[in-house]
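Notes to accompany the following structure.
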Amino acid sequence: MIYIFLITIIFLCYDTFTLLPWYHIKGVFRVSDLGLLLVMCAFVWLFLRSRNRSIVFNSIGIVIFMYLLMTLVQVAIATINYDQSIISGLIQSRHQFYYLSYFVFLMALHESGRAKKFLNYCALLGAAVVILSLINYLGISVFHHRWAEGQGVRSGIVRAYIPGMNLIAMLFIWYMVRYVVNGRLTSRYGLGMLFFFFALLFRQTRGRIIAAALAAAWIMFVEKRFKMLAGAAAAMLLVGAGLGLMAERNLLLTTFESAYEDVSEGEGTWRGRMITIQNAWETFLEHPVMGSGARFIRQADSSKVTSEMLEDAYQGDLGYAHWLKNFGLVGVAWLLALAYYAGKQAIRNRRIHPDSEEMKFGEYQLVHIAISFVTINYLVNPEGIIFVCLALALLHCRAESDLKAGEAEPKQPERENNNRILRRRNGVNEGSAISVGGAG
């Protein structure tokens, strides 16, 4: 039941993957708000009934609470700088409370084996989305989105519309980790990895393809699968060449080449992004400490708010640039704190649970997010926040070895602690008896 509930949260967070025509009625209703409501209710319910509430109070949890405090401060700054009401600021910032999903995932998936089962359920959801996208691409309307009929042509192929790309990218990393650990391409892990990588290629978003390729290379390098790394590089070239026969271009090489040319020459999509980065830098220089609060302006109900400000506030890409602009040096300090404590936990996991696939996945997913954050704003949009929180929560999941050890016998520190308590109790009783005897 808990898995269905968590999958429902992801489904609603993604506005039902635009399957419903009324998933977003501007200014009135959005399905992702229902997902947020479930997250907040689940946080309260799980916390009240959890037998181990202490797991919530960890370093990463404190960092999460600090972000929510930063959000409220930004709402107050927006009120001061733009004459916006507190209510409007809270409404605009409401999706930042998806960060509470960290605690929901932590409490729901803490028990051994639950995380792996949940990720397998996510794989079923992701596979269904990809299949529906293929059906939609073939001309049978499935989704209700302005890009549902395609989003232009890249590398000679019409870009397919696939909702939930953060989910697809996450599943690629999950199956990549399992494939590297098990080592067989023909296993379901290898096939799953290829399936979700194909979906990334099918969507033709260069930033995602490059981030996935770099993250996969990092996984194989850290796990010391050097032969696998060389084989994967050769296979990618062959697969890219095969897929590019229809377009007479190698899809993978074109992805890297066009991205390099756009960045170096300031062409294509990067022409507009370079302007955005410049504007973000200028805004940071004007409000270097905590930002201007512009991220949470809701509507042009003030003479100080222009249409350009509103458009800039709703940007969904260029994560690092917008983060610096929105939160200033305080935001940079927060990001460094999150990286420090997540890295510290990952190092601890590798020492204590070197074979845990879930914990390794949490670590590598965060690496993938850090790479993707160059162009994709994971940290402020709900469809990104929820997978950041999942990865962070998995760093604290119990490994299967813990459960087996617990079923067999108490761990050595626990036995010593129990013996120490018994000796202390016996000592108190003996001392009391001597004292009574001496008084008599």
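Values below: all heavy atoms of this structure, side chains included; hydrogens, waters and symmetry mates excluded. Since the model is a prediction, treat every value here as computed from it, not as a measurement.
Here the side chain of Y378 pairs no donor or acceptor atom with the backbone of A370 at under 3.5 angstrom. The backbone N or O of L318 sits nowhere less than 3.5 Å from a side-chain atom of T375 that would complete a donor-acceptor pair. Here the side chain of E363 pairs no donor or acceptor atom with the backbone of G343 at under 3.5 angstrom. R94 places a side-chain N or O within donor-acceptor distance of the main-chain N or O of I91, the cut-off being under 3.5 Å. In terms of modelled atom types and a separation under 3.5 Å, the side chain of N58 and the main chain of G61 share a donor-acceptor contact. Of the possible polar contacts, one joining the Q74 side chain to the G293 backbone as a donor-acceptor pair under 3.5 Å is found.
Between the CZ atom in F327 and the CG atom in L379 there is a gap of 8.5 Å [rounded to 0.5 Å]. With rounding to the nearest 0.5 Å, the separation of CE in M165 from CZ in R203 is 7.0 Å. F11 contributes atom CZ, which lies 12.0 Å from atom CG of L167 (distance to the nearest 0.5 angstrom). Of the inter-residue distances, the one linking R348 atom CZ with K344 atom NZ reads 10.0 Å to the nearest 0.5 angstrom. Between the CG atom of N136 and the NE2 atom of H144 there is a distance of 9.5 Å, given to the nearest 0.5 Å. Note that the OG atom of S93 and the CE atom of M70 stand 12.5 Å from one another [nearest 0.5 Å].
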Criterion side chain to side chain contact (heavy atoms under 4.5 Å, CB included) on L68 and L100, from CA distance to verdict: CA-CA 9 Å; L68 297 179; L100 291 176; 3.9 Å; yes

Please determine whether side chain to side chain contact (heavy atoms under 4.5 Å, CB included) holds for the pair E282 and K325, giving the CA-CA distance in whole Å, both sets of side-chain angles, and the decisive distance to 0.1 Å. CA-CA 8 Å; E282 292 174 359; K325 177 193 70 176; over 6 Å; no

Yes or no on side chain to side chain contact (heavy atoms under 4.5 Å, CB included) for L392 and I64, after CA distance, side-chain angles and deciding distance? CA-CA 10 Å; L392 290 171; I64 295 295; 4.2 Å; yes

Apply the test side chain to side chain contact (heavy atoms under 4.5 Å, CB included) to residues Y102 and V388: give CA-CA distance (whole Å), side-chain angles for both, the deciding distance (0.1 Å), then the verdict. CA-CA 8 Å; Y102 165 74; V388 173; over 6 Å; no

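Residues M170 and L390 are in side-chain contact: their nearest non-hydrogen atoms beyond the backbone lie under 4.5 Å apart. Inter-residue side-chain proximity for I219 and V367 is flagged as unmet; no heavy-atom pair is nearer than 4.5 Å. Within the 4.5 Å cutoff, side-chain heavy atoms of L132 are placed close to those of L19. The shortest distance between side-chain heavy atoms of F196 and Y175 falls below 4.5 Å. For the pair L90/L72, a side-chain contact is recorded, criterion being any heavy-atom separation below 4.5 Å from C-beta on. Between D15 and R30, the closest side-chain pair of non-hydrogen atoms falls below 4.5 Å. The closest side-chain heavy-atom distance from Y320 to L335 is below 4.5 Å. The shortest side-chain heavy-atom distance between W281 and L324 falls under the 4.5 Å cut-off.
Within a 6.0 Å radius of CH2 in W218, other residues, nucleotides and ligands contribute 12 heavy atoms or fewer. Atom CZ of F97 is surrounded by more than 12 heavy atoms from other residues, nucleotides or ligands within 6.0 Å. Annotation for I4: atom CD1 does not count as buried by contact number, only 12 or fewer foreign heavy atoms lying within 6.0 Å. Annotation for Y121: atom OH does not count as buried by contact number, only 12 or fewer foreign heavy atoms lying within 6.0 Å.
T71 and R295 are not linked by any side-chain donor-acceptor pair at a separation below 3.5 angstrom, with hydrogens and angles left out of the test. The closest side-chain donor-acceptor pair between N349 and H396, if any, does not fall under 3.5 angstrom. A donor and an acceptor atom, one from each side chain of Y98 and S32, are nowhere located under 3.5 Å apart.
Of all heavy-atom pairs between A212 and L200, the closest is CB-CD1, 3.6 Å. L6 and A108 make their closest contact through CD1-CB, 4.1 Å (heavy atoms, listed as atom of the first residue, atom of the second, distance). Summarising the geometry of E358 relative to L394, their closest heavy-atom pair is O-CB, 3.9 Å, with the distance given to 0.1 Å. Closest of all the heavy-atom pairs between I277 and A321 is CG1-CB, 4.2 Å. For the residue pair I9 and G35, the shortest heavy atom distance occurs at CG2-O, 4.4 Å. The two residues A215 and H368 come nearest to each other via the heavy atoms CB-CB, 3.9 Å.
A parallel orientation is assigned to the rings of Y3 and F118, their planes being inclined by less than 30° (bins at 30° and 60°). A parallel orientation is assigned to the rings of F47 and F43, their planes being inclined by less than 30° (bins at 30° and 60°). Under the 30°/60° scheme for interplanar angles, the aromatic rings of Y67 and W323 are found to lie parallel.
In this view, R188 satisfies the salt bridge (charged side-chain N to carboxylate O under 4.0 Å, His left out) rule with no residue, not counting sequence neighbours.
With salt bridges taken as basic N to acidic carboxylate O contacts below 4.0 Å, none links E223 and R178.
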